[in-house]
Amino acid sequence: MDHHFVGIPELTDVPRVAVVIDVMRAFTVAAWAFSRGVERIVLAETESEALALKESHSGWLALKDGAPAAGFDAVNSPGLLRSRDFAGRTLVQKTTAGTVGALAVADAPLVLCASFVVAGPTARFLQARGDSGPVTFVVTGEGGRADEDLACAEYIGRCMAGGDVEADPYLQRARNSRAAADLAGGRRSGFHPDDVGLCLEIDRFGFAMVARQEESLTVLRPVAVP
């Protein structure tokens with residue numbers, strides 16, 4: 001199947017089916033947040049909007065890229081998130097690339113957000129639809145050139161075609177990416193030493209993550225996939 005792989009700047013039309021990829025780290029973090037009990041994730045356009053949404057809804061939490069900041073309850077790091085208890089909470093997420101990519105295709109009929117930790121379930125979700133057709137994979141990092149995101153997108157696309165797909169070559173590309181080097185070298189704030197390893201755990205979770213419009217918000221929820 002002839003899938004499309006584009007960066008955020010290359011999005012010109014609303015795709016029929018979009019899978020937005022951010023391996024390091026937005027959609028690895030989102031998956032971990034769901035595993036720690038988050039009920040839904042609201043995607044925000046700006047940090048100011050994230051804080052405003054939190055302040056206007058009792059019990060909501062806010063998460064951002066970078067170092068901890070006043071008003072935010074968490075940062076965009078799976079290593080720092082994995083021990084938290086978010087049972088039943090709504091989390092507002094704003095990141096540099098992942099949330100920007102998801103909001104850019106928010107009007108598409110079907111939008112999924114993905115990383116390696118939910119790659120297999122994402123592929124099976126799309127397979128089960130049967131009528132999805134070619135998928136537009138939005139490679140969010142580095143203006144569409146981030147190899148960790150492209151590798152994940154290509155892996156999901158191959159898995160959709162059926163048969164056994166060896167994950168190691170794709171994971172190795174991600175391990176050798178600029179983003180992985182920056183994280184491992186401590187060149188990104190708000191990080192944990194385990195972040196790279198956690199971002200490369202293939203199919204850690206058994207759900208896909210679907211973004212839909214709920215009233216005026218773009219909301220990400222987990223969908224269990226057999």
Side-chain angles (χ1 to χ4, degrees), residues 1-31 33-34 38-46 49-50 53 63 65 76 90-146 148-162 205 207-225:
M1 190 174 292
D2 188 18
H3 302 304
H4 310 292
F5 303 87
V6 301
I8 298 171
E10 299 167 305
L11 288 166
T12 55
D13 300 317
V14 177
R16 182 180 176 204
V17 179
V19 178
V20 187
I21 308 291
D22 191 330
V23 171
M24 297 185 187
R25 295 164 282 176
F27 297 138
T28 300
V29 165
F34 287 131
V38 164
E39 179 179 326
R40 64 177 186 165
I41 295 175
V42 176
L43 305 180
E45 291 190 3
T46 66
E49 181 189 12
L53 285 168
L63 177 151
D65 266 338
N76 194 42
T90 292
L91 179 67
V92 184
Q93 184 182 32
K94 163 62 182 138
T95 68
T96 304
T99 60
V100 174
L103 290 169
V105 293
D107 291 333
L110 177 61
V111 180
L112 291 95
C113 297
S115 62
F116 280 113
V117 296
V118 293
T122 301
R124 294 196 299 276
F125 179 95
L126 291 165
Q127 279 180 317
R129 285 180 55 85
D131 63 344
S132 294
V135 172
T136 296
F137 288 94
V138 182
V139 178
T140 62
E142 299 179 32
R145 297 182 301 276
E148 74 280 3
D149 292 342
L150 184 58
C152 183
E154 292 174 354
Y155 175 72
I156 293 171
R158 287 286 306 276
C159 288
M160 288 177 63
F205 305 111
F207 52 80
M209 300 187 295
V210 180
R212 296 187 176 95
Q213 297 302 300
E214 298 184 12
E215 298 178 351
S216 61
L217 302 175
T218 301
V219 177
L220 191 63
R221 293 184 185 270
V223 177
V225 179

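- Below 30°, between 30° and 60°, or above 60°: for F137 and F5 the angle between ring planes is below 30°, a parallel geometry.
- Considering CE of M24 and OG1 of T140, their distance stands at 12.0 Å, rounded to 0.5 Å.
- Remark: the backbone N or O of T90 is not paired with any side-chain donor or acceptor of E39 at under 3.5 angstrom.
- The two residues G143 and P9 come nearest to each other via the heavy atoms O-CD, 4.2 Å.
- To the nearest 0.5 Å, atoms OG1 (T99) and CG (D65) are separated by 7.5 Å.
- Looking only at side-chain heavy atoms (C-beta outward), F207 and P121 stay at 4.5 Å or farther from each other.
- V29 places a side-chain heavy atom less than 4.5 Å from the side chain of Q93.
- When side chains are defined from C-beta on, L126 counts as touching L112, because their heavy atoms get closer than 4.5 Å.
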Under the side-chain contact (heavy atoms from CB on, under 4.5 Å) rule, what do L217 and L53 come out as? Steps first, then yes or no, please. CA-CA 10 Å; L217 302 175; L53 285 168; 4.0 Å; yes
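- Atom CZ of R40 is separated from atom CD of E214 by 5.5 Å, given to the nearest 0.5 angstrom.
- Of all the heavy atoms in A211 and L220, the pair that sits closest is N-CD1, 3.8 Å.
- Note that CZ of F205 and OG1 of T122 are 12.5 Å apart. Values are rounded to the nearest 0.5 Å.
- Summarising the geometry, atom OH belonging to Y155 is positioned 12.5 Å from atom CD1 belonging to I21; distances are rounded to the nearest 0.5 Å.
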Audit row: V19, H3, side-chain contact (heavy atoms from CB on, under 4.5 Å) steps and yes/no: CA-CA 11 Å; V19 178; H3 302 304; over 6 Å; no
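- Around CZ of R158, the count of heavy atoms belonging to other residues, nucleotides or ligands within 6.0 Å does not exceed 12.
- Shortest non-hydrogen contact noted between R16 and P109 is O-CD, 3.3 Å.
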Report the C-alpha separation of V100 and K94 in whole Å, then their side-chain angles, then the decisive distance to 0.1 Å, and conclude whether the side-chain contact (heavy atoms from CB on, under 4.5 Å) test is met. CA-CA 8 Å; V100 174; K94 163 62 182 138; 3.7 Å; yes
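- At a threshold of 4.5 Å between non-hydrogen side-chain atoms, the residues Q213 and T218 count as touching.
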Between V138 and V105, is a side-chain contact (heavy atoms from CB on, under 4.5 Å) present by the stated rule, with each step listed? CA-CA 9 Å; V138 182; V105 293; 4.1 Å; yes
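- Counting heavy atoms from C-beta on, the side chains of I41 and F34 come closer than 4.5 Å.
- E49 places a side-chain N or O within 3.5 Å of a backbone atom of E45 that can act as its donor or acceptor partner.
- Here the closest heavy-atom approach between residue A102 and residue V20 is recorded as N-CG1, 3.6 Å.
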Using the side chain to side chain donor-acceptor pair (under 3.5 Å) rule, take T95 and N76 through it: C-alpha gap first, then chi angles, then the decisive distance, then the call. CA-CA 7 Å; T95 68; N76 194 42; 5.2 Å; no
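- E148 and V23 make their closest contact through O-CG2, 3.5 Å (heavy atoms, listed as atom of the first residue, atom of the second, distance).
- V225 and A208 get closest at one heavy-atom pair: CG2-N, 3.8 Å.
- Here the CZ-CE distance, from R129 to M160, works out to 10.0 Å after rounding to the nearest 0.5 Å.
- In this structure, the side chain of S115 engages the main chain of F27 through a donor-acceptor pair within 3.5 Å.
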